[in-house]
There are 4 protein chains.
Amino acid sequence: MAGNTFGQVFKVTTWGESHGKALGVIIDGCPPNLPLSESDIQEDLDRRRPKSAPSSTPRREPDQVELLSGTFQGMTTGTPISLIIYNKDIDSKSYETIKDVFRPGHGDFTYQKKYGIRDYRGGGRASGRETAVRVAAGAIARKVLDREEILVRAYTLELAGVRAERVDLDVIDKNPFLVPDLDAAGHMQERINEIKKSGDSAGGIVEVLAKGCPAGLGEPVFDKLDADLAKAVMSIGAVKAVEIGVGLAAARLLGSECNDEITPKGFVTNRSGGILAGISNGDDIVLRAAIKPISSIEKEQRTVDINMKPTTISVRGRHDISAIPRIVPVCEAMVRLVIVDHLLRQRSIV
Amino acid sequence: MAGNTFGQVFKVTTWGESHGKALGVIIDGCPPNLPLSESDIQEDLDRRRPKSAPSSTPRREPDQVELLSGTFQGMTTGTPISLIIYNKDIDSKSYETIKDVFRPGHGDFTYQKKYGIRDYRGGGRASGRETAVRVAAGAIARKVLDREEILVRAYTLELAGVRAERVDLDVIDKNPFLVPDLDAAGHMQERINEIKKSGDSAGGIVEVLAKGCPAGLGEPVFDKLDADLAKAVMSIGAVKAVEIGVGLAAARLLGSECNDEITPKGFVTNRSGGILAGISNGDDIVLRAAIKPISSIEKEQRTVDINMKPTTISVRGRHDISAIPRIVPVCEAMVRLVIVDHLLRQRSIV
Amino acid sequence: MAGNTFGQVFKVTTWGESHGKALGVIIDGCPPNLPLSESDIQEDLDRRRPKSAPSSTPRREPDQVELLSGTFQGMTTGTPISLIIYNKDIDSKSYETIKDVFRPGHGDFTYQKKYGIRDYRGGGRASGRETAVRVAAGAIARKVLDREEILVRAYTLELAGVRAERVDLDVIDKNPFLVPDLDAAGHMQERINEIKKSGDSAGGIVEVLAKGCPAGLGEPVFDKLDADLAKAVMSIGAVKAVEIGVGLAAARLLGSECNDEITPKGFVTNRSGGILAGISNGDDIVLRAAIKPISSIEKEQRTVDINMKPTTISVRGRHDISAIPRIVPVCEAMVRLVIVDHLLRQRSIV
Amino acid sequence: MAGNTFGQVFKVTTWGESHGKALGVIIDGCPPNLPLSESDIQEDLDRRRPKSAPSSTPRREPDQVELLSGTFQGMTTGTPISLIIYNKDIDSKSYETIKDVFRPGHGDFTYQKKYGIRDYRGGGRASGRETAVRVAAGAIARKVLDREEILVRAYTLELAGVRAERVDLDVIDKNPFLVPDLDAAGHMQERINEIKKSGDSAGGIVEVLAKGCPAGLGEPVFDKLDADLAKAVMSIGAVKAVEIGVGLAAARLLGSECNDEITPKGFVTNRSGGILAGISNGDDIVLRAAIKPISSIEKEQRTVDINMKPTTISVRGRHDISAIPRIVPVCEAMVRLVIVDHLLRQRSIV
């Protein structure tokens, strides 16, 4: 049963396969009278594009977005916004070799079991390429957030075991790993080079920060703001854990170490990550996602073919070493979608 | 905008406040022709009830469930199942003192900001009591899972810094903390006694295991099985992090350490936690939730009143030291709801 | 798959069987800070109760509603409102005779085919009694509409072939058939007496009028206001047709006879029934529902038993001759639910 | 709030404006392993295309559909199917004259009130052109129905006061009005010629017939099959009434004239239109939609401009005299969507 739509009021539906004709997204429920152009969206897409970082694939994706509906004379009209990205740089030949083999860590096996058929070219619908249109949708969400002066930024907190020691938002876009700490970025590059050489891949942690979010967003009891954020971020391919505020560390704290005391000036600390009982408290929203290493590695692994006969696989070709940094804008986009959706949901409470 | 319904096909809607007349749940979409009685549900509710463990409140909640609709002659009919638990042991007087004060770590502040009004008695809708009816709904989900021979069990993996060293499902119900390791249970009790004495509270980790789940459950791309599990578990009040399989540790592994190799006999390891690309792979599903310490503590904390004037608070009365073990069956119930929902969703794919 | 919830923002979920323990409804998404008491709801329920009109059953249903959650100190809190009506005057014995026989015109046959099981007592979930809780939900919707000064009134336009010649809202509650024309009411009574004597039943037409609805409600393209109204009203058991504005007559008009010209003072006519392109235009909303005769008649009819063996049936006992007037407040309630839902949906467009 | 998605399991989302770059539709939830090609869809679209009938506009719309995702090697994969129709024959100049004037009977006024902005070119999103992609989606639904041997056919029952005297499905596609009676088709043409000459437009009635639908489809209590059909058909622009089975006539029948008696061979009559208590009974499903005359007429009408100043309008240009026959395949498509959706919804009940 259909699972390609996200959001209740600001509804996002994505479609498309990695090596199909195109990928796209419909945004239904965007408020009217917002200025919107293709370049607004392209800007965010370009940020997602592979940089010259050694962690990234050499595949050149132009990811040129086209805006097909929902605007008139440069303004949104309240009708569905349709965005499309045609696939151009497609070379499916290399996938013939894995047509009949399940790659460990990939969705090959599970898609086959689920549907009894799969588009094996480039991962089909399970490809990371699907996230390009999430970023495009997030760029439209950003237009709504800008009007409310809410800032959402994601960055690499950790990559291949190297952790950022500081968070300087100004340097995120000044290094290929989108790290808020230039020193750490340098160390990451060294570590990534080593791992690449060994035919292996690396994981990391992405942190997302939302500033300026008003108190009151989030719907008890199932559609809590943190619940929807957890779903949003966990729906990104490589994510294996989501933490809000102190996160996992909460398990080992005492109550007195975990509560945020309140003064007339606001909360003294922000261990809650800006969310209490599933509702935003006006403080910064902070979450982290643990990203597993890219599954496609050169190192030989045991696997089976579609007839369940044993074989081995060594994945070569145009693959990233880490989903970071490409996944960073995707996390940012998903958090934006959740916040805009809850912002609009809250309007019915007057 | 309404947020009290969970699930797409097996739809669960909860209602009720901690100190209102009653709490209840509607299960819409339960298949017909399943045997179902009140005692099936009562059994799970009793497991949630405060035990003699020092971590729990002395409040005696009978939590007697009544089945009001959706069955005929002991069988489900396919129509909505309505369950109700009347509140009996209510003493709201003690809450008068906190009527005008926001308790740190609680939803008092955010509910007030969201709605401009709140039922402050016992936490109102934000109370842990709301989860009783989730457990009741989970008991009905269990009837569906039993038929499919899918077993879901939750247990305490860690409490107050003490971690279970082994997972023996048979001993879970033989100790007050629902730990699968009796030695650890003993250490937990000591540690909890100390913390209680100091007027503080403690966090922990709950693990949930689902065995027998067929491959193919989970809907790309937003309604991935792990995404829906993350939302389900994060929607429980005290949860601050959710991990699937290796979870947070994935961030520091290499690809060769994180992938699960495949042989004709199945997956060699289960680092994925039974989910690949958001779809179950037939292996055990494993997730963990980090539980923050109970926010209500005797230790004095700074806070403000509803006029934002500074004050202090020391919460006395019938409070738990930890959401564990009461939260354990709730985690189990939420995971059941997700699996049943996806089991039924998958039926449209034929 | 679950079908017992109506509405997107103002969400209504009903449950319960005619001869089960109780019936109820959850209203999720009602705005906070509205005054609400049981008597507000009881008033509307009493209007639905069988009157001394010869068209109605002698069954005395107290239909005493209880408000179980979602209010605090007489005000709504924004949390789910749970209403319950316990079944008291139950005599299921008379239904034993039809336990194994499908009554023509009833859902006996289709429920059995759908679920493979059915609660045959009093129609189970398919009973008109289910609509009592729709009326209760509509009473809460009325509280929202009152605040916006929107008036929704339903009345009997035609019964047993007798049509109201005028619409005087003031006399609706002054006659047992809820007709806005006292002369017509008298003629209806005569006609109903005759039909009752002959062991037969009668149909009619209910009209619903909504005054004060602002322009702009309704969502292109599928959730048009008239589309949602059509669904709402057609979801009431005995309804076989729904018309908006000129309705069926539109098929035989010319464009110049069907368009509403516009002047600075507003629309010159209201052939559209207050809705253009699925969106309210600020004029009165007018719809009509055709109600089929009650299916349970004393006249002998051919039918089959559950083994598909031929038999005959003559339904005696406590049955209405017409769903009118009991269905009138139900139509009114469903229209209220749609308008409130779209009123709240429109708030996200700013 | 978003209203461009239809269906619960077989989910259809449309987008696009009449004079924008393109229109399109996403079908999410289509079962995998169905053969599907662009020509399957094009066939239905061509049937919708303006014929040489005098009721139709001379605008030549190629309506060439492209299939962008969701299939692999000619088979559906279970992932979202994206269809696009680029707008080619666009001449927006003629719309400059009505840019500032509200056309009676159109959505110009209501869209402006709702959104505060509108794409006035060719009706924008409110244009009948939007229905092209509904027909495309219906063509995919047809692939599912074919497999189940369910046949859905729509035809013109009445046009401009001329009614079909017989229903011969074989002649529907042999006359420009899609009437199942060639004699009636001839009379319609004469009547249409006269109306066209007088600068006016005409309404009619479309009937839809579904054969082979199994008993058991439709979800109590709000998502009844007839309720969803009513919504589906009423969501088509020009529809002002929807009837099921005997429809409006039910209001004037006696119970003994309205019930369908049952014999071991099946129902003796089909006054119910194949639906009892909202669930299909296995008999033919029959519904009718009343279509209002096209609102754009040459006859001068009073109206106002966007500043609410009085003016007059006479709409010239490429306009149809009646939505019939173009609306016929749209009604057929919407009924298909409902039946497929309920067919898939029913699969969760096992």
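Looking at A:Asp260, the atoms closer than 4.5 Å to chain B (heavy atoms on both sides) all sit in the backbone: N, CA, C or O. Within the 4.5 angstrom heavy-atom criterion, atoms from both the backbone and the side chain of A:Leu248 approach chain B. With a 4.5 Å cut-off on non-hydrogen atoms, B:Ile275 touches chain A through its backbone but not through its side chain. Proximity to chain A is limited to the side chain of B:Ser348, based on heavy atoms less than 4.5 angstrom apart. Looking at A:Thr5, the atoms closer than 4.5 Å to chain B (heavy atoms on both sides) all sit in the backbone: N, CA, C or O. In this structure, the portion of B:Ala2 lying under 4.5 Å from any heavy atom of chain A is its backbone and not its side chain.
Within a 6.0 Å sphere centred on CZ of A:Arg252, heavy atoms belonging to other residues, nucleotides or ligands number 12 at most.
Across A:Ala289, A:Pro264, A:Gly107, the residue that shares the most heavy-atom pairs under 4.5 angstrom with chain B is A:Pro264. The choice from A:Arg302, A:Arg134, A:Met334 that makes the most heavy-atom pairs within less than 4.5 Å of chain B is A:Arg302. Interface remark: of the candidates A:Arg288, A:Arg103, A:Gln301, A:Gln301 forms the most heavy-atom pairs closer than 4.5 Å to chain B. Among the candidates B:Ser296, B:Ser295, B:Gly278, B:Ala215, the residue making the largest number of heavy-atom pairs closer than 4.5 Å to chain A is B:Ser295. Among the candidates A:Gly218, A:Gly199, A:Ala241, A:Ala290, the residue making the largest number of heavy-atom pairs closer than 4.5 Å to chain B is A:Ala241. Heavy-atom pairs under 4.5 Å with chain B peak, among A:Ala277, A:Gly216, A:Gly255, A:Gly237, at A:Gly255. Ranked by heavy-atom pairs under 4.5 Å with chain B, the first of A:Lys309, A:Lys113, A:Glu243, A:Arg347 is A:Glu243. For the set B:Glu257, B:His342, B:Glu130, the count of heavy-atom pairs under 4.5 angstrom toward chain A peaks at B:Glu130.
No side-chain heavy atom of A:Pro310 sits less than 4.5 Å from a side-chain heavy atom of B:Thr263. No side-chain heavy atom of A:Asp228 sits under 4.5 Å from any side-chain heavy atom of B:Met234. Within the 4.5 Å cutoff, side-chain heavy atoms of A:Met1 are placed close to those of B:Val9. A:Pro220 is listed as a side-chain neighbour of B:Lys114, based on a closest heavy-atom distance under 4.5 Å. At a threshold of 4.5 Å between non-hydrogen side-chain atoms, the residues A:Lys240 and B:Arg271 do not count as touching. Taking the side chain as every heavy atom from C-beta outward, A:Pro293 and B:Leu254 never approach each other to under 4.5 Å.
Between the side chain of A:Asn281 and the backbone N or O of B:Thr110 there is no donor-acceptor pair closer than 3.5 Å.
By the ring-ring contact (aromatic ring centres under 6.0 Å, His included) test, B:Phe109 is found to be paired with A:Phe267, B:Phe102, residues two or more places apart in sequence or in another chain being considered.
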